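One-based numbering along the sequence shown. As the structure is a computational prediction, the values presented were derived from the model and not from experiment.
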Amino acid sequence: INIIPYWKKKVDDFPSKNKASANLTLRHNVIAEAEKYVGIPYTWAGKSPETGFDCSGFTSYVLRKFDYIISPSSKDQAKLGVPKALDDCNPGDLIIFRNDKNEVFHVSFITDIQPKVIEVIHSVNGGVKKENLFNNTWWMNKKMEIRSILPSP
């Protein structure tokens, strides 16, 4: 048996750690891409920076840059990926909002989760922006669910 000391092993010899790191990098890259569009106007059914974005047009546009081709419909996006608990989500996960009739009406990217912080980036009236939902009782009173499309870190 040929034993290689750990300090001489290639990075590829540690696949699980390397894979988690690559997945976390992908997620941070998705958020960095989304941040490029802060200030782009809100447009109903908008799907590009040239026309403006609606919420799901924005999430689908950003994910398409990373070869994740998803529907520009928030109702369709709410069915994708894996459901996760809010306290188990990661940057790049989608947060889906439902109204009192349990209908999907909005989608955002999670950028950060901490105690008293649910930071998202989304396209809303006023355009693409980052905000802490904890500072907005309107959002906090809505039903939220998390969908993870990107690979877990």
Side-chain angles (χ1 to χ4, degrees), residues 14-153:
F14 299 98
S16 61
K17 185 172 187 230
N18 195 34
K19 188 174 180 186
S21 175
N23 291 347
L24 197 55
T25 298
L26 168 65
R27 289 170 169 276
H28 288 295
N29 289 344
V30 166
I31 296 307
E33 182 66 26
E35 289 170 341
K36 292 178 186 176
Y37 305 102
V38 168
I40 296 288
Y42 178 88
T43 303
W44 187 81
K47 296 175 181 57
S48 75
E50 295 77 30
T51 62
F53 292 111
D54 69 5
C55 63
S56 50
F58 174 64
T59 52
S60 66
Y61 180 86
V62 171
L63 287 171
R64 195 174 323 122
K65 298 271 187 176
F66 298 89
D67 296 325
Y68 288 85
I69 311 303
I70 65 170
S71 166
S73 156
S74 57
K75 288 175 180 60
D76 291 343
Q77 290 180 20
K79 300 171 190 167
L80 299 175
V82 178
K84 288 174 108 175
L86 190 59
D87 60 0
D88 188 36
C89 65
N90 295 291
D93 285 340
L94 298 178
I95 183 166
I96 308 292
F97 295 87
R98 292 180 182 269
N99 63 20
D100 296 338
K101 297 176 185 169
N102 208 36
E103 299 162 330
V104 173
F105 74 92
H106 188 69
V107 61
S108 305
F109 283 116
I110 295 271
T111 60
D112 192 21
I113 290 277
Q114 297 175 34
K116 302 272 186 215
V117 174
I118 303 174
E119 189 183 75
V120 299
I121 186 166
H122 55 175
S123 186
V124 290
N125 285 342
V128 176
K129 68 178 186 174
K130 281 177 93 165
E131 75 176 303
N132 179 1
L133 299 182
F134 262 95
N135 296 335
N136 188 321
T137 54
W138 193 86
W139 287 113
M140 291 306 291
N141 287 325
K142 301 300 177 212
K143 182 180 176 196
M144 297 179 232
E145 57 195 61
I146 308 298
R147 303 299 291 195
S148 184
I149 293 174
L150 300 171
S152 293

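The minimum heavy-atom distance between Gly81 and Arg147, with the atom names listed, is O-NH2, 3.3 Å. When every heavy atom of Cys89 is checked against every heavy atom of Ile146, the shortest pair comes out as CB-CG2, 3.7 Å. Closest heavy-atom contact between Ile113 and Leu86: CD1-CD1, 4.0 Å. Heavy-atom minimum distance, Arg27 versus Pro153: NE-CD, 3.5 Å. For Ser148 against Lys84, the heavy-atom pair with the smallest separation is CB-CD, 3.3 Å. Heavy-atom minimum distance, Ala78 versus Val104: CB-CG2, 3.6 Å.
Classified by interplanar angle (parallel below 30°, tilted 30° to 60°, perpendicular above 60°), the ring pair Phe58/Phe53 is perpendicular. Taking the six-membered ring for Trp and thresholds of 30 and 60 degrees, His122 and Trp139 have ring planes inclined between 30 and 60 degrees apart.
Ile118 has its side chain within reach of Met140: a pair of non-hydrogen atoms, C-beta onward, lies under 4.5 Å apart. Contact check for Leu150 versus Asn23: no side-chain heavy atoms found under the 4.5 Å cut-off. Side chains of Tyr42 and Asp54 form a contact here, defined as non-hydrogen atoms less than 4.5 Å apart. At a threshold of 4.5 Å between non-hydrogen side-chain atoms, the residues Asp76 and Ile70 do not count as touching. Within the 4.5 Å cutoff, side-chain heavy atoms of Ser108 are placed close to those of Phe97.
Side-chain atoms of Asp93 come within 3.5 Å of backbone N or O of Asn90 as a donor-acceptor pair. Under a 3.5 Å cut-off, the side chain of Gln77 and the backbone N or O of Ser71 do form a donor-acceptor pair. Side chain of Ser74 to backbone of Val107: no donor-acceptor contact under 3.5 angstrom is found. Under the 3.5 Å distance criterion, the side-chain polar atoms of Lys47 are matched with a main-chain donor or acceptor of Ala45.
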**Message:** One pair to check against side-chain contact (heavy atoms from CB on, under 4.5 Å): Leu26 and Tyr68. What are the steps and the verdict?
**Reply:** CA-CA 12 Å; Leu26 168 65; Tyr68 288 85; 3.8 Å; yes
**Stepwise side-chain contact (heavy atoms from CB on, under 4.5 Å) check, His106 with Val124** = CA-CA 9 Å; His106 188 69; Val124 290; 3.6 Å; yes
**Request:** Quick one: do Leu94 and Phe109 satisfy side-chain contact (heavy atoms from CB on, under 4.5 Å)? Show the steps, please.
**Result:** CA-CA 5 Å; Leu94 298 178; Phe109 283 116; 3.8 Å; yes
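Between Thr111 and the options Glu35, Glu131, Glu119, a side-chain hydrogen bond (donor to acceptor under 3.5 Å, both in side chains) holds for only Glu119.
Atom CG in Asp112 sits 8.0 Å away from atom NZ in Lys130 (nearest 0.5 Å). Atom OG of Ser48 sits about 9.0 Å away from atom CZ of Arg64, to the nearest 0.5 Å. Here CD of Glu33 is found 10.0 Å from CD1 of Ile121. Values are rounded to the nearest 0.5 Å. The line from CE of Met144 to CD1 of Ile96 is 12.0 Å long, rounded to the nearest 0.5 Å. Glu103 contributes atom CD, which lies 12.0 Å from atom NZ of Lys143 (distance to the nearest 0.5 angstrom).
The environment of CH2 in Trp138 is crowded: more than 12 heavy-atom neighbours from other residues, nucleotides or ligands sit within 6.0 Å. Taking a 6.0 Å sphere around CG of Asp100, one finds it holds 12 or fewer heavy atoms contributed by other residues, nucleotides or ligands.
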